[in-house]
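Throughout, numbering of the chain's residues begins at 1 and tracks the sequence. Since we're looking at a predicted model, the values are computed, not measured.
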Amino acid sequence: MLVRTMASPLALAVALALPFGTGCNKNGKLTEVEVPEAGVSLRYDLTPGQEYGGSIQMRTTIQTPMGDIATNLKFNTQLVVAAKEEDGGKLVRATIKDIEMTVRTPDGIPAGATGMDPNAATALNGMEMRFNLSPQGKVSNTPEPPEGAPQTVASAIGLITTALTAGLAVSLPDENVDSGESWDASRDDDDDEGTEVLSSSSKGTLEGMARNEAGEDVAKLSFLSDIKSKRKVGEQEIAANQNVETTANFSASGGYPISLERKINNEIVGQTTILIEIESEWSKGGKQDVAPAPAQSEPEVQAIDDPCDPDYVGMGECVEEGAEPAADPAPAPEAAEATPES
């Protein structure tokens, strides 16, 4: 999953490292249960008004000849599913809060050289992001930073958007699946138009089912992806080889990811290696009233057609029985043709 606008060198490296997949469990004691004979159906619950709360952390380590550049981004979010639908997915409104970011650089490399500013990130507390999410976990219409935003702000928005959508969405199968069964988990989310995927193999597997202490049926999912891509940056072409290992605990009965973990090893060929780790935990809340406004009722039709009825409304003229109808008024005389003054 790529965020289209990534201004800084660090943000660009993260963008190259995040094309697809996601995935683990921190939801207390799990008790193994059998998968139903007909298999299990996995779908996001996108009922309009449904609320979800999430806690997300993304750690990034970039190797350089002078040492590692490391960032740690954490934030909480509150999601609300809207009634509007587009691109096969429901509109999701996400409020971002409690943002924390740290940037660690080797001696001799100023933090400003990364293009990331923790103060610019924390200043985004309270902002709302909108995107579309399908029942199978496809993300579309991810937000762009405002035109003309400072580089540090644009980079922070890009990273938060990436961490949010990557920490929420997994590629779910179209059909019911049984324990040990796999499916094609390739993603077609909003990818950067400047990135070309040369080869991609991505497989999701249902490892088994369990029940948590809240009584939810939990599908234990794993994903394995290998992706080769290239991207044009100015006159330079950058190639990337990526391996992604992900796990997820997805509430089959609740329709949301209880927890996700993803580890990405990304080689920018001839330049650097990047390790990205994303962890998220989610809870399902109540429902807001976001039902669309009721359709406008049809206008009342006049049921009384007798002009002499006292409740009649219309242009007809009441003519008493036996009376002659009034003659049509004579047409107004045509106005004389105007002549120009001499």
Side-chain angles (χ1 to χ4, degrees), residues 1 3 14 17-18 21-30 44-46 49-61 70-81 92-104 116 118-131 133 137 139 142-143 156-170 172 189 210 212-216 218-223 244-264 275-288:
M1 182 179 303
V3 173
V14 173
L18 284 175
T22 304
C24 193
N25 170 39
K26 294 180 181 176
N27 58 301
K29 183 179 178 181
L30 292 174
Y44 282 82
D45 178 4
L46 299 176
Q50 182 61 58
E51 298 177 329
Y52 295 99
S55 178
I56 300 170
Q57 181 172 11
M58 182 169 74
R59 296 182 295 272
T60 306
T61 304
T71 65
N72 189 8
L73 171 67
K74 296 192 294 185
F75 59 89
N76 295 321
T77 183
Q78 187 74 23
L79 306 183
V80 179
V81 180
V92 176
R93 303 197 311 267
T95 302
I96 310 300
K97 55 187 179 180
D98 305 323
I99 301 172
E100 297 179 19
M101 176 185 284
T102 60
V103 180
R104 179 171 55 83
M116 300 302 300
N119 292 327
T122 55
L124 297 173
N125 273 314
M127 74 173 176
E128 182 179 276
M129 291 184 170
R130 300 185 179 196
F131 56 92
L133 178 66
V139 173
T142 51
I157 292 175
L159 290 179
I160 292 170
T161 302
T162 297
L164 170 61
T165 55
L168 172 67
V170 290
L172 300 177
D189 294 353
N212 65 14
E213 294 175 341
E216 295 176 296
V218 179
K220 297 188 290 183
L221 309 177
S222 66
F223 298 85
V244 187
E245 295 182 5
T246 68
T247 54
N249 281 329
F250 191 90
S251 174
S253 53
Y256 71 103
I258 295 172
S259 55
L260 304 174
E261 263 184 21
R262 175 169 65 179
K263 295 183 180 180
I264 303 168
L275 173 64
I276 297 177
E277 299 173 286
I278 296 177
E279 298 179 4
S280 65
E281 296 182 10
W282 297 91
S283 61
K284 190 171 186 177
K287 287 187 175 66
Q288 294 186 11

Quiz prompt | Side chain proximity check, Leu124 to Ile157, heavy atoms < 4.5 angstrom | solution = yes

Closest non-hydrogen contact found for Arg262 with Ala166 is NH2-CB, 2.6 Å

Here the pair of heavy atoms bringing Val139 nearest to Ala169 is CG2-CB, 3.6 Å

Review point. Is there a side-chain contact between Val170 and Thr246, using heavy atoms and a 4.5 Å cut-off?
Key: no

Heavy-atom nearest pair, Leu260 first then Ala248, reads CD2-CB, 3.4 Å

- Does the side chain of Gln57 reach to within under 4.5 Å of the side chain of Glu277, using non-hydrogen atoms? no

inquiry  = Treating Gln50 as the side-chain partner and Gly285 as the backbone partner, does any N or O pair qualify as donor plus acceptor under 3.5 Å?
reply    = yes

task = State plainly whether the residues Glu245 and Lys263 are in salt-bridge range, i.e. N to O under 4.0 Å.
result = no

**OP:** Please tell me if the side chains of Thr102 and Arg104 come closer than 4.5 Å, counting only heavy atoms from C-beta onward.
**Re:** no

Here the gap from Ser251 atom OG to Asp45 atom CG, rounded to the nearest 0.5 Å, amounts to 9.5 Å

Practice item. Would you mind reporting whether Met129 and Ile160 have side-chain heavy atoms less than 4.5 Å apart? Key: yes

Closest non-hydrogen contact found for Ala163 with Ile56 is O-CG2, 3.7 Å

Find out whether Leu46 and Leu133 are in side-chain contact, i.e. whether some heavy atom of one side chain is under 4.5 Å from a heavy atom of the other.
yes

Which of Asn119, Leu73, Thr122 passes side-chain contact (heavy atoms from CB on, under 4.5 Å) with Met101? It is Leu73

### Side-chain touch Phe131/Thr161, heavy atoms, less than 4.5 angstrom
no

Report task. Could you walk me through whether Thr162 and Ile278 pass side chain to side chain contact (heavy atoms under 4.5 Å, CB included), step by step? Result -> CA-CA 10 Å; Thr162 297; Ile278 296 177; 5.6 Å; no

If the threshold is 4.0 Å, N to carboxylate O, is there a salt bridge linking Glu213 and Lys29? no

Rounding to 0.5 Å, atoms CG (Leu159) and CG (Leu164) come to a distance of 12.5 Å

query = How are the rings of Tyr44 and Phe250 set to each other: parallel, tilted or perpendicular (split at 30° and 60°)?
reply = perpendicular

Quiz item: Do Ser280 and Leu168 have side chains that get closer than 4.5 Å, going by heavy atoms?
Solution: no

Tested for side-chain hydrogen bond (donor to acceptor under 3.5 Å, both in side chains) against Ser55, the lone hit among Asp98, Thr77, Asn76 is Asn76

Smallest heavy-atom separation, Ile99 atom then Ala121 atom, equals CD1-O, 3.4 Å

Taken to the nearest 0.5 Å, the spacing of Thr95 OG1 from Arg130 CZ works out to 9.5 Å

Nearest heavy-atom contact between Lys284 and Tyr52 is CG-CE2, 3.5 Å

Rounded to the nearest 0.5 angstrom, the CD-CD distance for Glu51 and Gln288 is 4.5 Å

Rounded to the nearest 0.5 angstrom, the CD-CD distance for Glu281 and Glu261 is 9.5 Å

